[in-house]
Amino acid sequence: MKKTSTLKAKEVYDMLHHIPEGRVTTYEDLAAALGFPRASRAIGRILHNNPNPIVVPCHRVVMSDGTIGGYAFGQARKKQILTQEGVRFFGNSMANFSRLRLTVAELR
DNA sequence: GCCATGGCTAGTA
DNA sequence: GCCATGGCTAGTA
C-alpha cells in the first residue's frame, strides 16, 4: 500500500490555538481531527519539537485517560501551567476531565 | 530504533 | 506489559 499523505506539523500547531484556556484536548483527538486516527504517537513527537512553546499552547494536550502526559520542560511545569489556567488535579489525573476535553468537532 | 500514545490481553489478589 | 502506529534521526554502505 502506498502512503498518500502525511501529518503536517503546522496543522497540528494551528489547531492548538482552537483550545481555550482552561480546556484541554488529547493526542488522540488531535490526530482524529486532522484525519489520522492512529497517529497519536506522532502527534506527541511533533509537539515535542514545538519551536515556540510560549505562544503555542502544547501544555493543553494530555493523555486520553485524563492523566497529564509529557512535556519538554517536565510534567511538573505542565501541571503548574494548567493549574494556573484553572484545571484541578488528583495526583497526575485531571478533575472533570470529560468536561474539559473538547470534542473532535470543537477542535476543527 | 526511538518516542510527550493508546488499546488490548494475561493473570494477580 | 506488550505491540502497532507514524515521524524523525543517526549512521551504515
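Basis for what follows: all heavy atoms, side chains included, without hydrogens, waters or symmetry-related copies. Order of the sequence lines sets the chain letters (A, B, ...), proteins ahead of strands, with each chain counted from 1.
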What residues 33-40 of chain A contributes to the DNA chain C interface at heavy-atom separation below 4.0 Å is A/Arg38, A/Ala39
Here the residues of residues 59-84 of chain A within 4.0 Å heavy-atom distance, strictly under, of DNA chain C are none
- In terms of heavy-atom contacts, does CZ of A/Arg88 have more than 12 from other residues, nucleotides or ligands at under 6.0 Å? no
- [ ] Keeping the roles fixed (side chain from A/Lys78, backbone from A/Cys58), state whether a donor-acceptor pair exists under 3.5 Å.
- [x] no
Scanning both residues in full, the closest heavy-atom pair of A/His17 with A/Val55 reads NE2-O, 3.5 Å
Whole-Å distance, A/Leu30 CG to C/dG7 P, equals 14 Å
Rounded to whole Å, CD1 of A/Ile46 lies from P of C/dT5 at a distance of 18 Å
Legend entry - Pair A/Thr26-A/Arg101, side chain to side chain contact (heavy atoms under 4.5 Å, CB included): steps then yes or no: CA-CA 8 Å; A/Thr26 67; A/Arg101 180 184 190 171; 3.6 Å; yes
Give, for atom [atom1] of [X] and atom [atom2] of [Y], the distance between the pair rounded to the nearest 0.5 Å.
X: A/Thr25; Y: A/Leu107; atom1: OG1; atom2: CG; result: 4.0 Å
X: A/Glu21; Y: A/Gln84; atom1: CD; atom2: CD; result: 9.0 Å
X: A/Leu102; Y: A/Arg60; atom1: CG; atom2: CZ; result: 10.0 Å

What N/O pairs connect the protein and nucleotides 1-3 of chain B at under 3.5 Å? Give each pair on its own line.
| unit_1 | atom_1 | unit_2 | atom_2 | d |
| --- | --- | --- | --- | --- |
| B/dC3 | N1 | A/Arg41 | NH2 | 3.4 |

- Counting any heavy atom closer than 4.0 Å, what does A/Leu47 reach on the DNA or RNA strands: base, sugar-phosphate only, or nothing? base
Are side-chain heavy atoms of A/Leu30 and A/Met15 found at a separation under 4.5 Å?
-> yes
Table please: side-chain donor-acceptor pairs of residues 62-74 of chain A below 3.5 Å, with sequence neighbours left out.
| unit_1 | atom_1 | unit_2 | atom_2 | d |
| --- | --- | --- | --- | --- |
| A/Asp65 | OD1 | A/Thr67 | N | 3.1 |
| A/Asp65 | OD1 | A/Thr67 | OG1 | 2.7 |

Let me check something: any side-chain donor-acceptor pairs from residues 40-53 of chain A under 3.5 Å, sequence neighbours excluded? List them with distances.
| unit_1 | atom_1 | unit_2 | atom_2 | d |
| --- | --- | --- | --- | --- |
| A/Asn50 | OD1 | A/Asn52 | N | 2.9 |
| A/Asn50 | ND2 | A/Val56 | O | 3.4 |

Dot-bracket for DNA chain C, 5' to 3', Watson-Crick and G-U pairs with both distances under 3.5 Å, [ ] for crossing pairs, | for partner on another strand, reads ||||.|||.....
